[in-house]
Number of protein chains: 4
Amino acid sequence: MINRIVLVGRLTRDPEMRYTQSGIAVTRFTLACDRPFSGQDGKREADFIDCVVWRKQAENVSKYLSKGSMAGVDGRLQISSYEGQDGQKRYRAEVVADGVRFLSSKGDGRDSAPPPRDDEAPQAKGGFDQQPYSGGIDLSDDDLPF
Amino acid sequence: MINRIVLVGRLTRDPEMRYTQSGIAVTRFTLACDRPFSGQDGKREADFIDCVVWRKQAENVSKYLSKGSMAGVDGRLQISSYEGQDGQKRYRAEVVADGVRFLSSKGDGRDSAPPPRDDEAPQAKGGFDQQPYSGGIDLSDDDLPF
Amino acid sequence: MINRIVLVGRLTRDPEMRYTQSGIAVTRFTLACDRPFSGQDGKREADFIDCVVWRKQAENVSKYLSKGSMAGVDGRLQISSYEGQDGQKRYRAEVVADGVRFLSSKGDGRDSAPPPRDDEAPQAKGGFDQQPYSGGIDLSDDDLPF
Amino acid sequence: MINRIVLVGRLTRDPEMRYTQSGIAVTRFTLACDRPFSGQDGKREADFIDCVVWRKQAENVSKYLSKGSMAGVDGRLQISSYEGQDGQKRYRAEVVADGVRFLSSKGDGRDSAPPPRDDEAPQAKGGFDQQPYSGGIDLSDDDLPF
DNA sequence: TTTT
DNA sequence: TTTT
């Protein structure tokens with residue numbers, strides 16, 4: 001009934017975009033969110049959290065984020081079930097993003113990509129802020145409700 | 001750039017709905033969220049947090065919630081400035097709700113109001129779940145983006 | 001780096017408590033969180049989200065919550081890997097609760113359990129508020145850091 | 001009863017640290033969080049949200065963040081009342097941080113400060129993750145419960 | 001394996 | 001009183 005999650009982490013690899021049969025863009029990526037206190041004794045533990053975005057945001061994520069990019073995600077946790085290759089029912093956890101925020105670049109420099117043009121940016125209820133000049137860029141969906 | 005708040009508390013008084021000149025419903029209410037550890041020594045401290053909802057949700061909140069109702073709110077914190085009666089600039093904090101969830105009733109019984117009819121419920125991106133049979137009811141906006 | 005999740009839902013079954021070898025209480029339970037818009041056309045979909053709490057809270061959850069209870073959880077999403085029975089590496093998603101809040105009862109009446117005695121309740125950093133008189137009860141950890 | 005807020009924004013000025021009479025460090029700062037869709041038509045609106053951190057984190061914020069730094073805050077919204085200079089009761093909204101995360105620097109370069117040494121970093125329940133190699137640094141409280 |  |  002309430003299901004809200006906010007993550008900030010780095011992409012473990014380049015995002016993967018595809019289109020549904022009806023032509024809707026979907027992008028998946030994984031965020032590495034280091035756990036508390038990892039690192040203090042040499043070990044670096046992280047949670048690798050699968051995320052999915054739809055539509056305009058999917059395209060923006062695909063265009064502007066890549067392996068190592070830091071991103072903020074605001075969404076809900078979805079648990080899907082599927083049939084394993086051995087016929088067993090299994091579960092998959094995935095964060096369905098309402099908003100994705102481009103927060104920074106890989107260690108070696110700021111992401112070179114320019115911010116997306118958002119002139120027409122509509123009301124992405126529940127999505128993130130858009131702020132072309134904020135050093136980060138917004139990747140909110142900007143044409144379709146979801 | 002990320003601004004997300006989730007509250008669960010009780011309405012301190014009946015919600016107040018009005019319409020903007022352009023006919024959009026706006027409802028304001030205050031949630032009492034008890035602070036940590038209040039109560040342990042007799043004192044009960046709470047934060048009284050002003051909330052605002054728009055459109056369809058505004059109407060539902062007004063219809064189904066009242067003083068003492070328990071509600072969940074998912075939204076963003078907005079700080080507005082205004083001119084005080086003494087000419088001073090002052091600030092007002094308000095949670096702009098993307099979703100409001102009807103969680104329970106006043107102590108004396110469950111809220112008697114029936115759940116809203118949500119047949120037509122659209123995609124309330126970022127809003128809360130709708131589930132007429134869940135014991136709680138959803139008050140998501142269901143006709144206008146915001 | 002930021003990993004915060006807030007859930008409100010109902011327990012799908014009674015919570016299960018056990019003790020670690022070092023004597024620490026751990027309780028696991030699953031929360032059913034209905035998805036958006038389920039129900040409008042007859043289908044009622046939910047996410048079944050596994051949660052875990054430690055120590056004092058584990059004991060309180062075990063004592064005061066049961067199948068059907070409504071609860072609020074504030075925590076972080078943890079992805080653990082384990083070896084499947086077929087030697088395959090698999091992942092398990094679990095919300096590690098910082099705070100658990102007892103929000104309501106099953107439909108037939110309010111949970112009959114009395115609120116936990118919290119006289120000694122300490123500072124549960126990051127946990128939820130405690131407010132014995134608020135209609136809900138708090139199940140915050142109250143003796144050990146975690 | 002549940003009161004959780006997550007923010008990412010930039011410091012509007014250098015943080016201000018002081019000590020209470022009992023010697024506890026407190027640091028206050030304001031985060032500028034741009035509102036949704038500001039910028040699309042030239043206007044850039046933001047919410048200026050006051051935050052407060054205590055103890056070890058207060059010291060770290062004071063040491064490693066400055067005007068323009070990007071930071072993530074995880075905490076609760078607190079509304080305090082005070083007597084205005086005109087005898088009127090007024091309210092002040094403030095986010096009490098459980099965790100503060102150093103996310104980036106001002107535009108001209110990455111914040112030059114080295115990450116805090118966190119060898120001894122304890123379990124900051126409800127605080128943020130620590131990850132020395134993630135490009136950001138953690139400013140979690142690391143010696144006192146709060 | 002799922003709650004109302 | 002506000003940041004990029």
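Keep in mind it's a predicted model, so treat the numbers as computed, not measured. Note on naming: letters A, B, ... go to the chains in the order of the sequence lines (proteins, then strands), and numbering restarts at 1 for each one.
Between the C1' atom of E/dT1 and the CD1 atom of C/Ile49 lies a distance of 16 Å, rounded to the nearest Å. Summarising the geometry, the separation between CE on D/Met70 and P on F/dT3 is reported as 14 Å, rounded to the nearest angstrom. Rounding to whole angstrom units, CG of residue B/Asn3 and P of F/dT3 are separated by 18 Å. A straight line from CD of D/Glu45 to P of F/dT2 spans 14 Å, rounded to a whole angstrom. Atom CZ in C/Arg35 sits roughly 17 Å away from atom C1' in E/dT4 (whole-Å rounding). Atom CZ in C/Arg13 sits about 10 Å away from atom P in E/dT2, given to the nearest Å. Straight-line distance from the CG atom of D/Leu11 to the P atom of F/dT2: 16 Å, rounded to whole Å. Distance A/Ile79 CD1 to E/dT2 P: 14 Å, rounded to the nearest Å.
In this structure, the nucleotide among F/dT2, E/dT3, E/dT2 sitting nearest to the side chain of C/Lys67 is E/dT3. Closest approach to the D/Ala32 side chain among F/dT3, E/dT2, F/dT2 is made by F/dT3 (side chain taken as heavy atoms from C-beta onward). The side chain of C/Arg10 sits closest to E/dT3 out of E/dT3, F/dT2, F/dT1. Side-chain proximity of B/Tyr91 to E/dT4, E/dT1, F/dT2: nearest is F/dT2. The side chain of D/Thr30 approaches F/dT2 more closely than any other nucleotide in the set F/dT1, E/dT1, F/dT2. Picking from E/dT2, E/dT1, F/dT1 the nucleotide with the shortest atom distance to the side chain of B/Lys89 gives F/dT1.
C/Arg4 has a carboxylate O that lies under 4.0 Å from a charged side-chain N of C/Asp98, or vice versa, which qualifies the two as a salt bridge. C/Arg18 has no carboxylate O lying under 4.0 Å from a charged side-chain N of C/Glu16, or vice versa, which leaves the two without a salt bridge.
A pairwise comparison of heavy atoms in A/Gly72 and A/Leu103 identifies N-CD1, 3.6 Å as the closest pair.
Side chains of D/Ser69 and D/Arg10: a donor-acceptor N/O pair is absent below 3.5 angstrom, by distance only.
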Run B/Arg90 and B/Ser81 through side-chain hydrogen bond (donor to acceptor under 3.5 Å, both in side chains) and show every step you take. CA-CA 5 Å; B/Arg90 271 193 251 294; B/Ser81 68; over 6 Å; no

